[in-house]
Amino acid sequence: MNDTRTQPNTFALTTPLYYVNGLPHIGSAYTTIAADAIARFQKLRGRSVLLITGTDEHGQKIQRSAIDAGRSPQERCDEIAGKFQDLWQQLGIQYDRFSRTTAPRHEAIVKEFFGRVWDRGDIYLGQQTGWYCVACEEFKEKRDLLEGGQCPLHPNQTAEWRDERNYFFALSKYQERLEDLYQKQPDFIQPEIRRNEVLSFVKGGLQDFSISRVNLDWGFPVPGDPDHTLYVWFDALLGYVTALLDSTDEPTLENAIARWWPINLHLIGKDILRFHAVYWPAMLMSADLPLPDRVFGHGFLTKNGQKMSKTLGNIVDPVELVEKYGSDAVRYYFLKEIEFGKDGDFNETRFINILNADLANDLGNLLNRTLKMAQKYCGGKVPKVNPEELECEHPLKTIGLCLGERVAAAYESLAFHQACEETLILVRSCNKFLDDRAPWTLYKKGEQQAVEEVLYVVLESVRLAAYLLCAIVPGLSTAIYQQLGFEIDFDDPSTWKDLSFDLHGSWGKLDGDRTFSKPSPVFARLEMPETP
RNA sequence: UGCAGCGUAGCUUAAAGGUAAAGCACCAAGCUCAUAACUUGGUCGAUGCGGGUUCAACUCCCGCCGCUGUAACCA
């Protein structure tokens, strides 16, 4: 699949287009934080990156929630989409495209795509019969209904027998080609457990699925048959394509796929795996478009070991969390403390403990204690030491020299927790090293050269750690770099010419004689709340 | 019920046949350059239970228990 790629040095990735039937929740934030970290890392690796996020705005549920809020659907969507954008801003998400499925040019793309699939003969008018829950606006399997025939989500509603004409997509035609895809591209679906799920689902036999509804206004009309409205999924997935258009482009498929297609990575929650790993590639095959490289379905979050739900009232509000602890803290906790791909837990005590231990104590305090010594012992400058002249088996140099590649490999495989853990090994070793060499004692003994060597080696190690973590905690990395005298802001590319891995990602790059700014803590310890 | 996966110290994770590690939390000592920090040491487990294969099993096999996901239109 990759041989069709005209620009091998580009990397396009997506979060889901989030459904706007409510305010952004922590799960959306989790996906988006991870996507942003990947995007930032890929940029450091020298690739041109396009990070796509956005909102999915059609469907009955949206329409209803708009009415409940006393708004028109579009007003309601505008409002919620704005909330998503606000949250991404607070979390330091540097997205390139915010794709909204109600955008007029999205309709043009959907129409054209529908036409291609239609011409292929993969769309047909069929009869859909079954039990329909009006509250859900969905067909239900009989076995999913309660004994009296009510929908389990709406026990006061008895499901109705419906017999309606809908348009169907001929998914069943793609069974073999999909199985072939999973076989030839084993990492198309990750992690392994998700892949197995999809394999067994597909193996069970694929049925065509309906892509239109009759009793639905809030959506695009089916091209050529305005009595029908396209069902959300068909147009939502295509939001990824529309997102690729430049603002000045005519909205055509050809323009959309000119530069960034195919997508390198779809990052999703495991709940929407089937749509991305089965329906989506089949739709693309039908339209004769190249397929994405991989789909990664991460796990779900719990709070204190319990499922989050509105009825339990134990929802973690991402806005509240960022306002309370800051974006670096939130980003670090979710990427460091949860193995990406598996389910993970949010626990406020653990949150505070881990941030204090790793970022305030181990890393932040390390920089602070070292800089203060350099200020007192070396006149406020980074000591001038040639790292190449250090002994080969120098404990920090040894770790530092192979760290960059180890961490890069971890990022490549989306193992954020491992990237952090590897980096912390260096940080912890620095603290041990300082205790071992005791530069404060060396200074009293007048061993100036030894002092300088120790301090340089530690400062360089902190610098490298900050660099390797900058995709995860850009604010903290910026603070560290600025303390070290760099005028670099990891959030603002105009402040740096070249921050590539080659220049910053390996040990021994810090230049001596650099004047640093007045030392002050870069990450304040977090306080435990009164009532945990 | 079928299929898939998981079960290691209070918590989060290592160890893909060869003396069971690390971080957090807790306790003690040391140090004083530092954000009550850091360092060292300690407490804590015979890896869910029961069998089997092997000189040797957290690791492979069988059974059981427990948890999770999934079994068609859930953003």
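Side-chain atoms are counted along with the backbone in the values below, which use heavy atoms only and exclude waters and symmetry mates. Lettering follows sequence order; numbering is per chain, from 1.
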Without decimals, in angstroms, what is the distance between [X] [atom1] and [N] [atom2]?
X      : N      : atom1 : atom2 : result
A:D436 : B:rU40 : CG    : P     : 10 Å
A:R525 : B:rC38 : CZ    : C1'   : 12 Å
A:E197 : B:rU68 : CD    : C1'   : 10 Å
A:L434 : B:rU40 : CG    : P     : 12 Å
A:L526 : B:rU35 : CG    : P     : 17 Å
A:R428 : B:rU40 : CZ    : P     : 11 Å
A:L355 : B:rG23 : CG    : C1'   : 14 Å
A:K307 : B:rC74 : NZ    : C1'   : 12 Å

Kindly label the base of B:rA56 as syn or anti, based on whether its glycosidic torsion lies within 90° of 0.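 In terms of base orientation relative to the sugar, B:rA56 is anti.
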Charged N to carboxylate O under 4.0 angstrom, [X] versus [Y]?
X      : Y      : value
A:K173 : A:D122 : yes
A:R369 : A:D435 : yes
A:R100 : A:D78  : yes
A:E421 : A:K336 : yes
A:E527 : A:K324 : no

With a 4.0 Å cutoff (strictly under), does any side-chain N or O of A:Y333 reach OP1 or OP2 of B:rC24?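 So the side chain of A:Y333 is outside the cut-off, no N or O lying under 4.0 Å from OP1 or OP2 of B:rC24.
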On the nucleotide B:rU68, are OP1 or OP2 found under 4.0 Å from the side-chain N or O atoms that A:K270 carries?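 No.
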Reckon [X] touches a base, only the sugar-phosphate, or nothing at all at heavy-atom distances under 4.0 Å?
X      : answer
A:A360 : base
A:V522 : base
A:K376 : sugar-phosphate
A:D362 : sugar-phosphate
A:N431 : sugar-phosphate
A:I425 : nothing

[M] and [N], which share atom name [atom1], separated by this distance in whole Å:
N      : M      : atom1 : value
B:rA14 : B:rA57 : P     : 23 Å
B:rA25 : B:rA16 : P     : 28 Å
B:rC64 : B:rA28 : P     : 49 Å
B:rC60 : B:rA4  : P     : 15 Å
B:rU43 : B:rA36 : C1'   : 23 Å
B:rG18 : B:rC58 : P     : 10 Å
B:rC62 : B:rG2  : P     : 16 Å
B:rG66 : B:rG48 : C1'   : 7 Å

Measure up the A:F169 and A:Y174 rings against each other and bin them: parallel (under 30°), tilted (30 to 60°), perpendicular (over 60°).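 Judged by the thresholds at 30° and 60°, the geometry between A:F169 and A:Y174 is parallel.
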Just say parallel, tilted or perpendicular for the rings of A:Y18 and A:F84, cut-offs at 30° and 60°.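 Because their plane-to-plane angle is under 30°, the rings of A:Y18 and A:F84 count as parallel.
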Which residue, A:Y240, A:F275, A:F296, forms the ring-ring contact (aromatic ring centres under 6.0 Å, His included) with A:H266?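 For A:H266, the ring-ring contact (aromatic ring centres under 6.0 Å, His included) check succeeds only for A:Y240.
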Given [options], which nucleotide is nearest the side-chain atoms of [X]?
X      : options                : result
A:N353 : B:rA25, B:rC73, B:rC38 : B:rA25
A:N361 : B:rC74, B:rC33, B:rC38 : B:rC38
A:K432 : B:rU39, B:rG5, B:rC3   : B:rU39

Both distances under 3.5 Å, Watson-Crick or G-U wobble: on that basis, could you give the dot-bracket string for RNA chain B, with [ ] for crossing pairs and | for other-strand partners? (((((((..((((....[..)))).(((((.......))))).....(((((..]....))))))))))))....
Please table the atom pairs, donor to acceptor, closer than 3.5 Å between any side-chain atom in residues 197-204 of chain A and protein atoms at least two apart or in another chain.
{"from": "A:E197", "atom 1": "OE2", "to": "A:R194", "atom 2": "NH2", "distance (Å)": "3.3"}
{"from": "A:S200", "atom 1": "OG", "to": "A:E197", "atom 2": "O", "distance (Å)": "3.2"}

Compare every heavy atom of A:Q375 with every heavy atom of A:F516, then report the nearest pair and how far apart it is.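 Looks like CZ-N, 3.7 Å.
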If you find the nucleotide of RNA chain B closest to A:L206 and the one closest to A:N196, which residue's nucleotide is nearer the 5' end?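 On the 5' side of the pair lies A:N196.
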Here's a test of your reading of the structure: between A:Y377 and A:A236, which maps to the more 5' nucleotide of RNA chain B?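 The residue mapped nearer the 5' terminus is A:Y377.
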Pair A:S65-A:N21, side-chain donor/acceptor within less than 3.5 Å: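 Judged by distance alone, the side chains do not pair up.
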Residues in salt bridge (Lys or Arg N to Asp or Glu O under 4.0 Å) with A:D56, at least two apart?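 Testing A:D56 for salt bridge (Lys or Arg N to Asp or Glu O under 4.0 Å), a comparison that skips the adjacent residues, returns none.
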Among residues at least two apart in sequence or on other chains, which ones pass salt bridge (Lys or Arg N to Asp or Glu O under 4.0 Å) with A:R177?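 Result, salt bridge (Lys or Arg N to Asp or Glu O under 4.0 Å) vs A:R177: none returned.
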Which residue in the set A:L366, A:I399, A:V462, A:L469 passes side-chain contact (heavy atoms from CB on, under 4.5 Å) when paired with A:V427?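 Going through the options one by one, the only one that passes is A:L366.
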Between residues 438-455 of chain A and RNA chain B, which residues have a heavy-atom gap below 4.0 Å?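 Per residue number, the list reads A:W440, A:K444.
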So which protein nitrogen or oxygen atoms get under 3.5 Å of nucleotides 7-16 of chain B's nitrogens or oxygens?
{"from": "B:rU13", "atom 1": "O3'", "to": "A:E339", "atom 2": "OE1", "distance (Å)": "3.4"}
{"from": "B:rA14", "atom 1": "OP1", "to": "A:E339", "atom 2": "OE1", "distance (Å)": "3.4"}
{"from": "B:rA14", "atom 1": "OP1", "to": "A:E339", "atom 2": "OE2", "distance (Å)": "3.2"}

